[in-house]
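Below, chain A is the first sequence line, B the second, and so on; all start at residue 1.
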There are 2 protein chains.
Amino acid sequence: MNLKQLSHMLQLSQTTVSRALNGYPEVSEETRRRVTDAAKRHGYRPNPSARRLATGKAGMIGYVLPTGASVDIDPHFVEFLSGLGDYARSHELDLVLSPADADDEETTYRRVAANKQVDAVYISAPRPADRRISLVNQLGLPFLVHGRAEGLDFDYPFLDIDNEGAFHEAARLLVQLGHKRIALINGDDGQTFAIFRERGVRRALASAGLALPPERIRSVAMTEENGYRSARSLLEQPEPPTAIACSSLIMALGVVRAVRDLGLTIPGDVSLVAHDDVFPWLRPEHFSVPLSTTRSSIRAAGARIAERLVARISGLEEGARGEIWPVDLVVRGSIAGAAG
Amino acid sequence: MNLKQLSHMLQLSQTTVSRALNGYPEVSEETRRRVTDAAKRHGYRPNPSARRLATGKAGMIGYVLPTGASVDIDPHFVEFLSGLGDYARSHELDLVLSPADADDEETTYRRVAANKQVDAVYISAPRPADRRISLVNQLGLPFLVHGRAEGLDFDYPFLDIDNEGAFHEAARLLVQLGHKRIALINGDDGQTFAIFRERGVRRALASAGLALPPERIRSVAMTEENGYRSARSLLEQPEPPTAIACSSLIMALGVVRAVRDLGLTIPGDVSLVAHDDVFPWLRPEHFSVPLSTTRSSIRAAGARIAERLVARISGLEEGARGEIWPVDLVVRGSIAGAAG
DNA sequence: GCAGTCAGCCAAAGCGCTTTGGGAGCTCTA
DNA sequence: TAGAGCTCCCAAAGCGCTTTGGCTGACTGC
C-alpha cells in the first residue's frame, strides 16, 4: 500500500493525503480523520526511502564506530546503547553504526554527512581538542557530544558527568580519613574524562597541602590486567600509597587481585575507591570487600542523549547547551582511615 | 555533484554515466575510463537515498536490538561488533540497530522488512524454536543466524561454535582426572548454546557412567553475582562437586570469589573451567589461578558473519549453509586431579 | 549490395514521497 | 455586486538515481 493507492482509494489527491497524515493545517479536520482512519485500516506506512529522498531527513541517528584489528570497543558501550535504544525505540528511531578506520574517522564522518544518512550523530570519548567535533560542526551535521572537549574555540552541545567533582569528592574523603599518599589509576589520559578526574584528585590533595606526583599516577587502557599491573607497581614502591582511586570497575578487579597477591588487605593496608558506570553484570557491592564508588549510570546518559538528539532533530533544542550531571559518592567497606 | 551535473559535464547521458560507473557492459572501455576519472576527480558519489529508492537495495545490514528497562545487552556484543565492524568497514557497509521492545520483536522485524531498510539481518542468541527465524524467513528478508535453533522444520544459514563438543571435551578431561561430581553453571537454558553445553557435559559424564543431576546444574543470567551464588549453593551441598564447568568468564569471577569465601582453593578443592569468548579486558590467564577455558573468539565470529552477510547480499552465497567452528580447550592451572 | 547483428549510446519512465504554486468555491465587506 | 480574503483541495514538479526500450551507425555474411 503506497500513497498513490491510498489516495486513489480515498478519491483524494496524494497532496491532500500526505498533508493530512503529516499534520498540515490546510486540510479539514473531517478529511484528516477519514485519511488517518483509512491509513491505519490498511496499514499504510510511508516508504522511508522515498520520504528521505524527498525531504533529506533520514529518521536515524548515527554513530561512527572506530574499528581495527587492534581497536577495542569500550565495554561500557553496551550499557550506553541500552539506554539509547530504550529511548529511541519509543520514537521508532534507528541507530546507524558506521564503522571507521580508527586512524581515519574523518573520511567516515564526511561520508555520513555527505550521504545524509542520518539526521544527527553523537560523539563519545572526546579528547581535549577533538577534531571530530570541529569537523561535524563545520559539516553542519547536528550532533551531541557525550563527554566534553577542552580548549575548542566554539561552543557545542554536550552531556557529561562531573568527573572532576566526583574524584574531588572521593579524594577529599580519603584525605579526611588521614591518607597522605593517594594514587590514581586512570584511563587513557588523552581523553578528557581522565584529565578531569586527575584534576579533581589533584585539587583535593592540594587543599590539604598534599601532592599527586607522577609516580603515583597511572594512565592506562581500562583492562583488568592493567589494573593489576598498575596497582602492583604502585604498591611495590618504597613509599606505597595507602589509598587508590581507580577509574573503572574492571581495573578495580585487577587492583584487588594485586593487593591480595602482595599479601595486603583492603581496606587495612589500602583503601580503594573506583568509578562505577553501573554494569548489570559486575556490581561494586559484590566485590569481596564491597567497593566504594563514584557512581553514574551510563545507561541513563544514553537515554538522555537519545532524548536530546531527538529534540535537536525536531528543532526543539538549539544552541550549545552543555549539561553536567552530578555523580554520587557511595561509600562501602573498601575505604578506611589511614594506618598510623 | 550529482549524476545530472556529472553527465552534463561529460556530454553524456545519465544512463551512460550510471552504467559506466556500475560496470555494465554496454559502454566502451574508453568512455568508462573517462567517466570514472571524472567521477573520482570531482568526488562524485551516488546519493544513497536515491539509489535505494530506485533499486530497493539499502547498502546496510541490520540487527534488531531487544531493549527495555529490565533488559541487559550481552557484554559480548561489543566484541562481536568489533569483528563485524572491522569487516563491514572494508565494504563501506553500515549497521543499522533497530531497537525493539524485548517482548515484541516481531513488530520491529516486520517494520524493518517492510521498509526495506537493510539488505540483510543477523539474528543472535537463538532459542530452540526461535520465532524470529521463521519470521524473517517468511518475510523473505535475507538473514544469518549467529548460533543455532533446534527443531525448526526448515533449514537456514547459520554460524555457530561447537558448544556441545567444547563442553564435552572439558568435562571429559575432568572425568579423566578422576572427578566424579562435576557441576555446570550455565547460561539461560532457554538459549540453545546452553542446551548444547549441558548436552556436552552430560554425554561426557555418561560415557564414564556418571550422572549430571539437576542439583548440580545452575542456569542463570551471566553476571558475576550469579556465578557467586550458583557456586556457593553448589559447594555448600552435602556432597559438593569437585569440579565446575562454567559458561562465562564473568560468572567465573563470581565462582572464584565464592570458592575463596568458603575457604576453599582452586584447584585443590575445586577444579574450574569456563568458556571464554575472548574479551580484551578480562583474560583467563590473569585470574589469580590461571583459568582453563574453552575458547572461541566471538570477534572472529562477528567478522565472519559480516563476510557471509555480504556474500549473501551480493548473491555469492545461497542456500542454508551451516558453519560450525571447533572450540579450543586451553588447559591452565585451575584444574587438577580429584582429591581422594 | 542488402538484410542482419551488434556495440554504444540516449530519452524517458519509473521508484514513492513532499512541496510549490495555483484555483475553485465560499463568506464577508463596502 | 465586485473584490478581497479565506478554506480546502489538486496537478505537477521535484528529490537523484536505475533501468527499460529504443535508435544509430558500423560491421558482418551471403
Side-chain angles (χ1 to χ4, degrees), chain A residues 1-36 38-39 42-60 92 111-119 313-315, chain B residues 1-36 38-39 42-60 92 111-119 313-315:
Chain A
M1 170 67 59
N2 60 22
L3 184 60
K4 193 173 186 177
Q5 293 163 0
L6 182 64
S7 58
H8 183 257
M9 162 170 302
L10 284 165
Q11 301 274 58
L12 285 170
S13 73
Q14 298 189 33
T15 309
T16 303
V17 175
S18 173
R19 304 224 107 132
L21 257 21
N22 292 320
Y24 282 72
E26 51 272 81
V27 45
S28 72
E29 276 315 312
E30 198 212 312
T31 305
R32 190 190 305 281
R33 203 151 16 78
R34 265 183 66 212
V35 171
T36 50
H42 296 86
Y44 167 76
R45 303 188 52 96
N47 177 316
S49 306
R51 165 176 282 179
R52 168 189 306 202
L53 180 59
T55 63
K57 291 278 169 194
M60 303 190 171
E92 280 203 0
R111 172 170 67 82
V112 166
N115 289 354
K116 292 188 188 302
Q117 288 186 358
V118 298
D119 297 328
I313 290 172
S314 55
Chain B
M1 170 66 60
N2 59 23
L3 184 61
K4 193 174 186 175
Q5 293 163 359
L6 182 64
S7 58
H8 184 256
M9 161 171 301
L10 284 163
Q11 301 274 58
L12 286 170
S13 73
Q14 297 191 31
T15 309
T16 303
V17 175
S18 172
R19 305 224 105 131
L21 258 20
N22 293 319
Y24 283 71
E26 50 272 82
V27 47
S28 73
E29 276 315 311
E30 200 213 312
T31 305
R32 190 190 306 281
R33 201 150 19 76
R34 265 184 66 213
V35 172
T36 50
H42 295 87
Y44 166 75
R45 303 190 50 99
N47 177 316
S49 306
R51 167 176 279 178
R52 168 189 304 204
L53 181 59
T55 63
K57 291 279 168 194
M60 304 190 170
E92 282 204 0
R111 171 169 67 81
V112 166
N115 288 355
K116 292 189 187 304
Q117 286 187 358
V118 298
D119 296 329
I313 290 172
S314 54

Any salt bridge between A:Glu30 and A:Arg33, counting N to O under 4.0 Å?
no

Considering all heavy atoms of both residues, which atom of A:Arg52 and which atom of B:Ser49 are nearest to each other, and what is their separation?
CD-OG, 2.7 Å

Where is the tightest heavy-atom contact between B:Met1 and B:Tyr44, given as atom of each residue plus distance?
O-CD1, 3.4 Å

Check: [Y] and [X] side chains under 4.5 Å, non-hydrogen atoms:
X	Y	answer
B:His42	B:Gln5	no
B:Arg45	A:Arg111	yes
B:Gln117	B:Met60	no

Look at all strands and tell whether B:Glu30 reaches a base, only sugar-phosphate, or nothing, counting heavy atoms closer than 4.0 Å.
nothing

For D:dT7, does either OP1 or OP2 sit under 4.0 Å from a side-chain N or O belonging to A:Ser28?
no

Does D:dC8 have OP1 or OP2 sitting under 4.0 Å from an N or O in the side chain of A:Thr31?
no

So how far is it from A:Leu6 CG to A:Leu21 CG, rounded to the nearest 0.5 Å?
7.0 Å

Taking five pairs at each end, how big is the angle between the two axes of the helix from C:dG1-D:dC30 to C:dA30-D:dT1, to 10°?
50°

Going 5' to 3' through nucleotides 15-20 of chain C, assign each nucleotide B (protein heavy atom under 4.0 Å from a base atom), S (under 4.0 Å only from sugar-phosphate atoms) or - (no protein heavy atom that close).
BBBBBB

Non-neighbouring partners of B:Thr16 that pass side chain to side chain contact (heavy atoms under 4.5 Å, CB included), sequence neighbours left out
B:Leu12, B:Ser13, B:Val27, B:Thr31

B:His8 has an atom NE2; how far is it from atom P of C:dC10, in whole Å?
12 Å

In this structure, how many angstroms lie between the C1' atom of C:dA7 and the CG atom of B:Leu12, rounded?
15 Å

